Amino acid sequence: MATIDLNKSTIRELNEKLQGGSSGDKFIVNNTVGKHALSVGLTKEVDVEINGHVGYYCAGMNQEASIKINGNAGPGLAENMMSGEVRVTGNASQYAAATAHGGLLVIEGDASSRCGISMKGVNIVVGGNIGHMSAFMAQSGSLVVCGDAGDALGDSIYETKIYVRGKVKSLGTDCVEKDMKKEHKEELAKLLDLAQMNYAVDEFKRYGSARKLYNFDIDQVDEY
Amino acid sequence: MCGIVGLFIKNPKLESQLGALVAPMLSEMTERGPDSAGMAVYRDPNEAGCKVTVLAQDSEFDWENFEKSVHTNFSVDKFYVNQNHAVLSLSSSLDKVQDWLHDNWKDLSVTSAGSNIEIFKGKGNPADFIEQFDIKNMTGTHALGHTRMATESAITTEHSHPFSTGQDLCLVHNGSLSNHNRLRETLKRAGVQFKTDNDSEVAAGYLSWRLSEGDDLDEALNHAIEDLDGFYTFAIGTKDGFAVMRDPIGCKPAIMAETDDWAAMSSEYRAIATLPGAENARIWEPEPTQIYSWKRN
């Protein structure tokens, strides 16, 4: 167990130390005071606990590592994550898990706008609400929202599965409500369990792509 | 990219430390805006008369001669020079003072007018600005600051924020407006005057115009959502507090925080983290198009 104090270490020193860790290593990071790009580019199965609020791009490009933030996260949390797990005990600002390919992001509080924008396989579980334009152009993976969703949810969505427990302010273009089949209930139950969120699967509705934007529609030729 | 900070003192005991509290916030936003910096400070009200801040472009400007002339023409409550700015607290009406400045002192531009507000701004690194203007020793009820990274117009003192938008009102802006050229022409025809080609000055001019048309601040900001095209987080300083509003898309960041002692806003949490008790503050992100305001009761 190594403790890194950001009053004494630079961000570069921190990231070099975390990136140089071996699988099974544990790190604690203190005195974050909203600094940017903390714990980015990790590729080993290390365990990082960050105490305090973090700024832009925390846990970016994460692979294998398990990162827990005891606080709020700024914009771009877990951007382009490939695998591993990132958990925030507070809220996350805009475009959390943007373009992320894999792994699990758990936001215990609220997520701001554009959560999961262009997500490509990551699973995201949000304990609270999410902001507008979330899952915009989402391509793969699942987004679970235990609270409400803002405007234009899933606009221009490809194949991501969105599960929302509360209200959806509005759906984006080509995003529609869909049936909860057995496989969806199983997947949702698994994600809620992994995220340690205690909600019944039956309280959720599923949203996804109507797949009407996949091909050019000759009837819309007048629009151009 | 730009940085915005705002600090509103709730506990009067902290008013003597306003500058000491807001200077580290501004400094923390240097990376968002290293080109120029500015600060609006609300303090020492002159309700009976008026208070005006003037800026001299010429570094050789003869402030002694100006001060003599002010004393000859007005009953002066307070006059002081801070770098290339001077603050005039006078017993006369604001119109009279502004007319006199306009007619006699073409080399000076007015950066703020009202009864409480003082606006200072300058080119260069925010740390130098804080040092030169002795921001850390400023007292007051609330302050609004800006660090600028110029993206659409020149780097000069006059292009720097805050922009005055009327009596005791000022605007700082993070973002960019896309319809400012057309809007500037429309506002000019309505009688609004502009000093620069800066987009944020158009937003300030727009709010001044709406307020002169009878809107209150909330109404003016709601009209701004309709008429301004582009990205913005605005912080507007008022005599009693300040207001914050983000555009409908909400791309530009903003974070707000409040304790029993103070209320603060900034582009990023790291600026707020410099304040005492920040770790236990109530923290939230303002929703797009919602107006958040603090007022002294």
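Below, chains carry the letters A, B, ... as their sequence lines are ordered, and counting in each starts from 1. Just so it is clear, the model here is predicted, and its values are computed rather than measured.
Here Glu13(A) pairs with nothing under the salt bridge (Lys or Arg N to Asp or Glu O under 4.0 Å) rule; sequence neighbours left out.
Around NZ of Lys17(A), the count of heavy atoms belonging to other residues, nucleotides or ligands within 6.0 Å does not exceed 12. The environment of OH in Tyr158(A) is sparse: at most 12 heavy-atom neighbours from other residues, nucleotides or ligands sit within 6.0 Å. More than 12 heavy-atom neighbours from other residues, nucleotides or ligands sit within 6.0 angstrom of CD on Glu203(A). The environment of Asn198(A) atom CG is sparse: at most 12 non-hydrogen atoms of other residues, nucleotides or ligands sit within 6.0 angstrom. The 12-atom threshold is not exceeded at CZ of Phe231(B), counting heavy atoms of other residues, nucleotides or ligands nearer than 6.0 Å. Within 6.0 Å of the NZ atom in Lys10(B), the count of heavy atoms belonging to other residues, nucleotides or ligands exceeds 12. When the shell of 6.0 Å around CD of Glu152(B) is examined, it contains more than 12 heavy atoms from other residues, nucleotides or ligands. Shown here is Ile249(B), whose CD1 atom has no more than 12 heavy atoms of other residues, nucleotides or ligands within 6.0 Å.
Within residues 252-269 of chain B, the residues approaching chain A closer than 4.5 Å by heavy atoms are, in numerical order, Lys252(B), Pro253(B), Glu268(B), Tyr269(B). Contact annotation for residues 49-85 of chain A against chain B (heavy-atom separation below 4.5 Å, listed by residue number): His53(A), Tyr56(A), Asn72(A). Using a 4.5 Å heavy-atom cut-off against chain B, the contacting residues of residues 107-124 of chain A are Ser112(A), Ser113(A), Arg114(A).
Remark: the backbone N or O of Cys251(B) is paired with a side-chain donor or acceptor of Gln94(A) at under 3.5 angstrom.
Using a 4.5 Å cut-off between heavy atoms, Ile272(B) makes no contact with chain A at all.
Rounded to the nearest 0.5 Å, atoms NE2 (His36(A)) and CZ (Arg270(B)) are 3.5 Å apart.
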